[in-house]
Amino acid sequence: QVQLVESGGGLVQAGGSLRLSCAASGSIFSINAMGWYRQAPGKQRELVATITTGGSTNYADSVKGRFTISRDNAKNTVYLQMNSLKPEDTAVYYCTTGFGRYYSGSYYYTVPSDDYWGQGTQVTVSS
């Protein structure tokens, strides 16, 4: 059974930083890619960042240069370092595990089951 538990959300002023953590169950972490999604009220869910088992990363254009995803395989943990936060970054952030592949220069990430989502953590950025 997969368990993903996020932490690190909170309230921060614009321009500030937060680091989200996601502790994953051990048996699946080392063989799967990991990703962070976010969803703001009234908006579609957005894939923010992914990281492969080998450490290759991909980011949404909206967060490039500000967010960094990383993973510690020994601790079964994935992180999302968020710097220069903006009010539009306000959302519930979800940790996921899934599968990805590169095709024609782009990376495609899929979460194959509802069980592969964390419960979410709220990030609120005040202006």
Side-chain angles (χ1 to χ4, degrees):
Q1 186 176 355
V2 177
Q3 275 197 314
L4 301 169
V5 179
E6 302 102 332
S7 61
L11 174 63
V12 65
Q13 287 190 330
S17 298
L18 282 174
R19 189 176 83 154
L20 305 183
S21 299
C22 173
S25 54
S27 61
I28 202 165
F29 185 81
S30 62
I31 63 172
N32 281 6
M34 303 291 293
W36 288 94
Y37 282 84
R38 68 184 181 186
Q39 187 162 25
K43 293 189 177 181
Q44 284 194 329
R45 190 168 55 199
E46 177 186 24
L47 178 59
V48 174
T50 61
I51 185 166
T52 68
T53 52
S56 297
T57 59
N58 289 275
Y59 299 94
D61 288 342
S62 57
V63 306
K64 275 181 184 176
R66 300 188 298 121
F67 289 13
T68 302
I69 188 171
S70 61
R71 63 192 291 165
D72 185 335
N73 289 339
K75 294 182 178 180
N76 287 355
T77 301
V78 63
Y79 305 97
L80 186 68
Q81 178 67 44
M82 305 184 295
N83 299 329
S84 302
L85 283 162
K86 305 175 182 180
E88 50 263 44
D89 295 318
T90 295
V92 178
Y93 284 71
Y94 297 92
C95 175
T96 66
T97 184
F99 301 94
R101 68 185 184 100
Y102 287 94
Y103 181 77
S104 296
S106 296
Y107 184 73
Y108 296 89
Y109 178 74
T110 301
V111 183
S113 170
D114 289 344
D115 293 337
Y116 293 1
W117 291 76
Q119 81 285 357
T121 186
Q122 176 70 46
V123 171
T124 303
V125 184
S126 62
S127 57

Are any non-hydrogen side-chain atoms of [X] and [Y] less than 4.5 angstrom apart?
| X | Y | answer |
| --- | --- | --- |
| V92 | Y37 | no |
| V123 | L20 | yes |
| Q122 | L11 | no |
| S21 | K75 | no |

* To do: Using side chain to side chain contact (heavy atoms under 4.5 Å, CB included) as the criterion, point out the one residue from Q81, M82, K86 that pairs with R66.
  =>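 So, applying the side chain to side chain contact (heavy atoms under 4.5 Å, CB included) to R66 and each of Q81, M82, K86, only K86 qualifies.
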* To do: With side-chain contact (heavy atoms from CB on, under 4.5 Å) as the test, would you mind laying out the steps for L80 and R38 before giving the verdict?
  => CA-CA 12 Å; L80 186 68; R38 68 184 181 186; over 6 Å; no
Rounded to the nearest 0.5 Å, what separation is found between the [atom1] atom of [X] and the [atom2] atom of [Y]?
| X | Y | atom1 | atom2 | answer |
| --- | --- | --- | --- | --- |
| S127 | E88 | OG | CD | 10.0 Å |
| R45 | W117 | CZ | CH2 | 3.5 Å |
| Y94 | E46 | OH | CD | 13.5 Å |
| Y102 | T52 | OH | OG1 | 5.5 Å |

* Asked: Could D61 and K64 be called an ion pair, given the rule that one side-chain N must be under 4.0 Å from one carboxylate O?
  ->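 K64 and D61: salt-bridged.
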Sidechain-backbone polar pair: [X] side chain, [Y] backbone, donor-acceptor under 3.5 Å:
| X | Y | result |
| --- | --- | --- |
| T97 | A33 | yes |
| E6 | G120 | yes |
| T96 | Y116 | no |
| Y109 | G35 | yes |

Please report the closest heavy-atom contact between [X] and [Y], naming both atoms and the distance.
| X | Y | answer |
| --- | --- | --- |
| A91 | A40 | CB-N, 3.8 Å |
| G98 | P112 | CA-CD, 3.9 Å |
| T53 | N73 | O-ND2, 4.1 Å |
| N83 | S17 | OD1-OG, 2.9 Å |
| T68 | Y59 | CA-OH, 3.4 Å |
| I69 | T50 | CG2-O, 3.5 Å |

* To do: Indicate whether any N or O donor in one side chain lies under 3.5 Å from an N or O acceptor in the other, for Y108 and R101.
  =>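 The criterion, which ignores hydrogens and geometry beyond distance, is not satisfied for R101 and Y108.
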* Scan side-chain atoms only and decide if Y107 and S56 contain a donor-acceptor pair under the 3.5 Å cut-off. =>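 No, no side-chain donor-acceptor pair sits under 3.5 Å.
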* Take F67 and T57 through the side-chain contact (heavy atoms from CB on, under 4.5 Å) test and state the conclusion after the steps. => CA-CA 11 Å; F67 289 13; T57 59; over 6 Å; no
* To do: Count the heavy atoms belonging to other residues, nucleotides or ligands that lie under 6.0 Å from CD of Q3, then report whether that count exceeds 12.
  =>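 No, not enclosed.
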* To do: Is it possible for you to say whether I51 and Y79 belong to one hydrophobic cluster, with membership spreading through side-chain heavy-atom contacts below 4.5 Å?
  =>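 Per the 4.5 Å side-chain linkage, I51 and Y79 are not co-clustered.
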